[in-house]
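Just the heavy atoms: all of them, side chains too, but no hydrogens, waters or symmetry mates, feed the values below. Note on naming: letters A, B, ... go to the chains in the order of the sequence lines (proteins, then strands), and numbering restarts at 1 for each one.
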There are 2 protein chains.
Amino acid sequence: MDDAGKDGVMAPAGGRAGRGRITVRDVAREAKVSVATVSRALSDDPTIARETRERVLEKAKEMGYAPNLFARGLITRKSGIVALLANNITNPFYPEVTVKLTRRLQEMNLHTMLISWEDSVEHSLPALRQIAPDMVVVLAATMTPDFLKHFQESETPIILFNRYVTGARASVVCCDNEAGGALVAARLAAAGHRRPAYIQGLATASTNVDRMRGFLGGCEAAGLPTPDAASGGDFTYEAGYDGMKALFARAPSTDAVFCGNDIVAIGAMDAARCELGLRIPEDVSIVGFDDIAMAAWPSHDLTTVRQPMNAMIDRTIAEITRLQKREPGRPEQHFLPGRLMIRGSARLPETLRP
Amino acid sequence: MDDAGKDGVMAPAGGRAGRGRITVRDVAREAKVSVATVSRALSDDPTIARETRERVLEKAKEMGYAPNLFARGLITRKSGIVALLANNITNPFYPEVTVKLTRRLQEMNLHTMLISWEDSVEHSLPALRQIAPDMVVVLAATMTPDFLKHFQESETPIILFNRYVTGARASVVCCDNEAGGALVAARLAAAGHRRPAYIQGLATASTNVDRMRGFLGGCEAAGLPTPDAASGGDFTYEAGYDGMKALFARAPSTDAVFCGNDIVAIGAMDAARCELGLRIPEDVSIVGFDDIAMAAWPSHDLTTVRQPMNAMIDRTIAEITRLQKREPGRPEQHFLPGRLMIRGSARLPETLRP
DNA sequence: CTGAAAGCGCTTACAG
DNA sequence: CTGAAAGCGCTTACAG
């Protein structure tokens with residue numbers, strides 16, 4: 001006799017005997033149907049009678065029913081979870097992507113499992129195996145073959161965001177970094193710069209490699225000498241700061257510096273001003289990549305290539321939607337164009353000067 | 001007859017007939033025990049024979065077994081998931097906490113579900129109800145009574161990190177913001193400042209309120225006039241930039257400005273230099289709160305109160321560990337002391353000047 | 001110390 | 001169109 005309100009009596013949401021949440025059984029009892037019917041109503045099964053579905057749905061809502069992700073996942077073999085592998089916290093670009101992507105996934109009723117690690121990305125494998133996410137999005141991590149192999153085996157689709165590796169069976173959503181680098185070279189050449197240089201971020205990252213390649217190619221196309229581009233450090237302020245000092249020790253006549261990303265560029269600017277006594281852009285032009293919020297702040301007013309973050313997120317969501325429909329279909333690779341944001345850290349071409 | 005290798009034959013990890021992962025049944029078959037015994041071995045059940053456990057564990061490892069979180073969660077009613085509610089991406093303090101906390105949780109074999117939202121925090125309730133996390137950590141969100149009520153009802157422990165609300169049944173881990181504000185006041189007074197001001201962050205946030213209260217109290221204790229502290233905007237660069245301009249329009253003789261946090265302070269510094277033509281610290285001292293990485297960069301060299309981030313994370317982990325042992329125990333509230341980081345944006349006391 | 005059995009809350013063929 | 005039944009992969013009293 002612990003089953004109060006067995007008739008049409010409106011049972012309050014929390015009125016059940018046992019502790020714990022409302023289940024399909026509770027809803028079935030109240031709506032006077034079987035649990036199977038409740039399940040069908042909830043999943044928009046086309047075979048259910050319109051009227052029945054409405055009644056069940058209403059009851060469910062009234063009782064504050066929420067499906068149990070674990071029970072559902074166990075039977076459907078879909079977790080409703082997207083694993084987001086993220087590590088880089090020195091570049092504000094990534095937190096912003098993380099939060100925006102998470103919000104979009106929530107709208108699709110998908111949950112974001114955040115995974116981070118130290119040292120090697122493979123340290124995140126145990127967590128990934130336990131969760132068995134429907135999909136993995138990797139933000140700016142350096143992949144290893146062993147790591148990628150795991151996903152081939154488990155048939156978990158993987159989306160590489162902002163970096164890519166060749167030969168992997170993975171979707172890719174990237175800015176077209178090479179075109180972006182070329183854009184910068186053309187612009188600097190047009191403004192009359194003659195001694196370009198590139199300060200690297202993480203040497204092995206595809207972003208760094210592509211930006212540098214595009215920049216070197218663009219400089220060559222414009223008839224400029226090959227830029228000084230000493231081996232890289234990392235995508236950090238310190239790398240930019242130290243890189244700038246080292247650069248001017250080697251090549252003091254440098255008049256234009258393109259940097260691996262905005263954080264590196266800001267480090268380079270600070271070194272130019274605080275250590276080298278250089279004026280920007282009179283003595284040296286500096287250009288970054290990303291267009292993080294700081295780039296627009298007056299203290300740096302950084303000319304940079306804006307990554308099409310929103311378009312990249314849109315593409316990622318589209319790819320996730322596509323992958324959800326278990327059709328095989330080869331993973332797609334997308335490279336979206338960036339846009340040069342003209343600010344005060346680089347000299348303007350003659351024709352554009354006031 | 002789909003059951004290959006039924007004898008002692010070493011079955012390769014992926015050698016089962018069906019697609020999909022290895023389960024307790026597979027391990028049980030290979031180890032020649034029941035699934036119950038496998039389960040006991042995996043969960044360090046004390047009633048299992050030492051030798052049996054070792055054999056099972058070895059087999060499990062050999063076969064690459066990983067427990068299914070969903071099946072386990074369904075039966076134990078513990079999800080192994082900590083929900084992390086985070087929204088603020090303008091302040092790098094939070095991404096850093098997010099990543100560090102996630103790593104620590106992973107070490108404890110807990111998973112981090114990242115939840116973000118727009119507008120009201122209550123928009124995250126549907127996701128929370130589906131996941132049913134073991135615990136919720138809230139990073140810097142403005143709570144509402146309705147939202148907190150949900151957790152009381154579902155008996156999900158909640159930890160407020162870096163902000164708190166009074167009267168809620170929630171654990172709290174915070175910097176002692178009031179003491180921090182007082183520290184700043186004392187320091188500025190000792191350095192001979194006479195016209196202090198405070199630029200607010202988000203007016204309703206406990207961090208803002210406490211820092212301001214501590215600062216005003218400290219000024220009074222030091223015999224300084226009550227600081228100008230116009231109504232706040234938000235914890236943003238723009239709030240600092242605009243707040244500084246407005247402040248000097250109202251009170252041009254201000255000689256020391258304490259800001260709601262570092263981002264606000266950096267905005268204030270940029271406004272001082274770029275808009276007001278003021279030298280820092282000769283014309284005006286500026287102090288922040290948080291000690292984000294940028295604060296130490298030469299371009300701003302910001303004197304600030306460092307939040308004890310690692311200690312706060314340690315406390316949070318300790319609280320999570322405590323809460324995992326379903327003992328009731330009232331939620332604990334911890335306020336950890338910050339530390340003044342002396343840099344170049346604030347004048348030094350006479351006795352300390354070179 | 002170990003195994004057989006029940007059950008967590010769902011979904012999905014299979015009958016009717 | 002709806003219901004009864006099986007089953008997803010685990011854990012945990014309950015016997016032995």
query: Is A:V33 touching bases, backbone alone, or none of the nucleic acid, heavy atoms closer than 4.0 Å?
result: sugar-phosphate
query: So, A:Q130 and B:N109: side-chain donor and acceptor under 3.5 Å apart, yes or no?
result: yes
- request: Could you tell me the separation between the CZ atom of B:R72 and the P atom of D:dC8, rounded to a whole number of Å?
  value: 18 Å
- request: Could you tell me the separation between the CG atom of A:N68 and the C1' atom of D:dC10, rounded to a whole number of Å?
  value: 14 Å
task: Whole angstrom is fine here: how far is it from NZ in A:K78 over to C1' in C:dT11?
output: 14 Å
message: Hydrogens and angles aside, do B:R103 and A:S116 bring a side-chain donor and acceptor to less than 3.5 Å of each other?
response: yes
- prompt: Can you check the A:L69 CG to C:dT11 C1' distance for me, whole Å?
  reply: 14 Å
- line: When rounded to whole Å, the CZ to P distance for the pair A:R21 and C:dC8 reads 14 Å
- request: Take the protein atom NZ of A:K32 and the nucleotide atom C1' of D:dT2, then report the distance between them rounded to whole Å.
  value: 17 Å
query: Will you find, in the side chains of B:H150 and B:Q152, an N or O donor that is under 3.5 Å from an N or O acceptor?
result: no
query: Does B:A36 or B:F70 map to a spot on DNA chain D nearer the 5' end, using the closest nucleotide for each?
result: B:F70
query: Is B:T37 touching bases, backbone alone, or none of the nucleic acid, heavy atoms closer than 4.0 Å?
result: sugar-phosphate
- line: Within residues 41-56 of chain B, the residues having a heavy atom closer than 4.0 Å to DNA chain D are none
- prompt: Do the side-chain N and O atoms of A:S171 and A:Q333 include a donor-acceptor pair separated by under 3.5 angstrom?
  reply: no
- request: Would you kindly give the CZ-to-C1' distance between A:R40 and D:dA5, to the nearest whole Å?
  value: 12 Å
message: Does the plane of the ring in A:F93 sit parallel, tilted or perpendicular to the ring in A:F161? Use 30° and 60° as the thresholds.
response: tilted
Charged N-O contact under 4.0 Å between A:R21 and A:D26: no
Out of C:dT11, C:dG9, C:dC8, whichever nucleotide has its closest atom nearest the side chain of A:A71: C:dG9
task: Answer yes if the side chains of B:T144 and B:D146 hold a donor-acceptor pair under 3.5 Å, and no otherwise.
output: no
- request: Tell me what A:R25 touches on the nucleic acid: a base, only sugar-phosphate, or nothing, going by heavy atoms under 4.0 Å.
  value: nothing
query: Taking only side-chain nitrogens and oxygens of A:R77, does any of them come within less than 4.0 Å of OP1 or OP2 of D:dG9?
result: yes
task: Working to the nearest 0.5 Å, report the span between CD1 of A:I317 and CZ of A:R322.
output: 14.0 Å
- prompt: Rounded to the Å, how far apart are A:R129 CZ and D:dG9 P?
  reply: 15 Å
query: Does A:T23 place a side-chain N or O at less than 4.0 Å from the phosphate oxygens OP1/OP2 of C:dG9?
result: no
task: May I ask you to check whether A:Y94 and A:N87 show a side-chain donor-acceptor distance below 3.5 Å?
output: no
field: Contact summary for A:L74 and B:F70, nearest pair of heavy atoms
entry: N-CD2, 4.0 Å
- line: Closest to the side chain of A:S39, out of C:dG9, C:dT12, D:dT12, is C:dT12
- prompt: Counting a pair only when it is Watson-Crick or G-U and both distances are under 3.5 Å, which runs of at least 3 such pairs involve DNA chain D?
  reply: C:1-3 with D:14-16, C:5-12 with D:5-12, C:14-16 with D:1-3
- request: Choose from D:dG9, D:dT11, C:dG3 the nucleotide whose nearest atom is closest to any side-chain atom of B:L74.
  value: D:dG9
